[in-house]
Amino acid sequence: MKHKNVLTAVILLVIGVVMVATSCAKPLTVGDGQIVWNKKAKQYLLEPEAKLRVGVDNDQWGAAIVALWDATHPDAVGMVEYVNFGSAGGADQITTLQGEAPDVVLLIDGEVSRNDQSLLALDKVITDAAANFAQEPFYSGANSGTPKFIPVAYDGMAFAWNSDMLEALGIDTKTRNDDGLPVAFDTWEEIFAIARSWQANRPVYKDKSVNIVYPMSLDEVWSGFSSLTAAGWRLFSEGDAANPGFDKTEFAGGLEFIKAASDAKISVEANGILTPGASMTWRWDDALNLETAPFFLVGTWMDVKGAETKGGYDVEFGPMPTWKGNRLSPLVKTKGWAINGFTAYPSAAHELFRMLFDTAGLQSMVDNSSYIPALKPKSPNTPNYADPNKAQMSSAFAFNYPEPTIVLPVNTAKKAMDGYYGIGLNLELRAVWDGAKTPAQAQADLVRLYNEWFATNNQ
């Protein structure tokens, strides 16, 4: 009898252990707004009934994302579809459309902070990974506290040169310095000297006179920003919307750079007369596609490969040359991914989000769009660049200046950058180029104009 009781106790103990083990090994489940990470599979769980839409600005890329999802999740084929949602204004549309907007959306970094309440806080697994690859200061700058946005691609312009054109004109492009720029034009002093040397005897390339050395933009002040950085000036460098820095010595130096470019005649008309400031508009596409100038800026959205194939020439990229030892810096923004705070499927949305940032996800972007990944150097998820132009542009963007995203202190709906764009800066730059104003006169006028704009708009 004693042995029977002992045996019964042992059996009950074993049954209890099995029940506890079974309870601890209970399968992961998801629902009711949970975000569940499967550590073993290294994936987020998918709500069984989930249907996701990803908002992109490129049909080819969108289709590639859907194909990648179907290959990664063969048990959930058809769960994801893409919507060509654009990117500019995407965050604002989430706030307006809420649950009608896509679940995962491509956004511009400057739109994140004002729509913070409409975006979903990212899970710690995602943000821990982002710490290893997300490019600063775009990552921390766009997120006000809790991360809800991770940059994926640069949106800006890089310095370029037509190497075939320059070689044909007798300028060496092969000998390089440490940052990748050819020694023959790694400073603006050298480029200005090239322009002056062409005044007396204008060179001809492919049966056309080369009248433009560099199509500097004055009337379009976004791409024209880099000229103002020639003496080391940085817009809103103190993070104060009331102080763009127009009163600084460095800003005056940028205006002096524009005057020096004018004196060197880096852009003239067919008759040799200096191009009027009012005509110094957006001319970058002509430089790339029509070979109107050997030096220019190229945007991430431009079809460089198509231009090279059609024209039979090679375009190369690097950081902008220096002037008096200061390297010029074009503006750059980033586009990145965020999750709609009103999504009905937050766990599946996190899985799609995770996939977009792994190596295969970034490779799909590189292979199916013009975008350049905004990654830290040697990031573990760096894709392969079959196109050498993208690798060069990626390196060049490390020298660009992030477009400020600060807002006015009282009128927080108004961006400080609206002042940069809205005070008639182009008219002052034209006046310096044309010789109608000295750099000092233009600087004084710009200080006054911005102060007036700030007082009017910060209410």
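- Side-chain atoms of L429 and L228, non-hydrogen and from C-beta on, do get closer than 4.5 Å to each other.
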Can you give the donor-acceptor pairs under 3.5 Å from side chains of residues 346-357 to other protein atoms, not counting sequence neighbours?
residue: S347; atom: OG; partner: V36; partner atom: N; Å: 3.2
residue: S347; atom: OG; partner: L45; partner atom: O; Å: 2.7
residue: H350; atom: ND1; partner: P346; partner atom: O; Å: 3.0
residue: H350; atom: NE2; partner: D123; partner atom: N; Å: 3.0
residue: E351; atom: OE1; partner: Y44; partner atom: N; Å: 2.8
residue: E351; atom: OE1; partner: R354; partner atom: NE; Å: 2.9
residue: E351; atom: OE2; partner: H73; partner atom: NE2; Å: 2.8
residue: E351; atom: OE2; partner: R354; partner atom: NE; Å: 3.4
residue: E351; atom: OE2; partner: R354; partner atom: NH2; Å: 2.7

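- Applying the side-chain hydrogen bond (donor to acceptor under 3.5 Å, both in side chains) criterion to N368, with sequence neighbours excluded, gives Q60.
- Classification of K335 and D57 as a salt-bridged pair holds, one side-chain N sitting under 4.0 Å from a carboxylate O.
- The distance from atom OG1 of T95 to atom CZ of R114, rounded to the nearest 0.5 Å, is 9.0 Å.
- Of the options F295, F317, F185, a ring pair (Phe, Tyr, Trp, His ring centres under 6.0 Å) to W161 is made by F185 and by none of the others.
- Aromatic ring centres of W69 and Y82 lie farther apart than the 6.0 Å criterion allows.
- Judged by distance alone, the side chains of N84 and D59 do bring a donor and an acceptor atom under 3.5 Å apart.
- Checking E403 against W222 by side-chain atom types alone, a donor-acceptor pair falls below 3.5 Å.
- There is a side-chain donor-acceptor pair under 3.5 Å between S223 and E220.
- By the neighbour-count criterion of 12 heavy atoms within 6.0 Å, atom CG of N201 is sparsely surrounded, having that number or fewer from other residues, nucleotides or ligands.
- Distance alone, capped at 3.5 Å, places no donor-acceptor pair between the N162 side chain and the V315 backbone.
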Dump the intermediate steps for side-chain hydrogen bond (donor to acceptor under 3.5 Å, both in side chains) on Q363 and T359, then the final yes or no. CA-CA 6 Å; Q363 192 68 55; T359 306; over 6 Å; no
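- Salt-bridge formation is not detected for the pair R176/D186: no Lys NZ or Arg NE/NH1/NH2 atom is positioned less than 4.0 Å from an Asp or Glu carboxylate oxygen.
- Using cut-offs of 30° and 60° on the angle between ring planes, the pair Y420 and F225 is perpendicular.
- Remark: A153 engages M365, Y371 in a side chain to side chain contact (heavy atoms under 4.5 Å, CB included) (not counting sequence neighbours).
- A donor and an acceptor atom, one from each side chain of D285 and W282, are located under 3.5 Å apart.
- K124 and D128 are joined by a salt bridge, as a carboxylate oxygen and a charged side-chain nitrogen come within less than 4.0 angstrom of each other.
- Under the 30°/60° scheme for interplanar angles, the aromatic rings of W188 and F159 are found to stand perpendicular.
- S163 and E167 share no side-chain donor-acceptor pair at under 3.5 Å.
- R53 places a side-chain N or O within donor-acceptor distance of the main-chain N or O of E100, the cut-off being under 3.5 Å.
- K390 places a side-chain N or O within donor-acceptor distance of the main-chain N or O of V366, the cut-off being under 3.5 Å.
- A donor atom on one side chain and an acceptor atom on the other are found under 3.5 Å apart for Y205 and E291.
- Between the side chain of E250 and the backbone N or O of T229 there is no donor-acceptor pair closer than 3.5 Å.
- Side chain of S379 to main chain of K376: a donor-acceptor pair is present (N/O by atom type, distance under 3.5 Å, no hydrogens or angles).
- Remark: the D109 side chain and the T334 side chain contain an N/O donor-acceptor pair separated by less than 3.5 Å.
- In the model, D219 has no side-chain atom that pairs as donor or acceptor with a side-chain atom of T281 under 3.5 Å.
- A salt bridge does not link K305 with D387: every distance from a Lys NZ or Arg NE/NH1/NH2 to an Asp or Glu carboxylate oxygen is 4.0 Å or more.
- You'll find the side chain of L218 reaches within 4.5 Å of the side chain of I258, heavy atoms only.
- Here the side chains of F296 and R283 are not in contact, with every heavy-atom distance at 4.5 Å or above.
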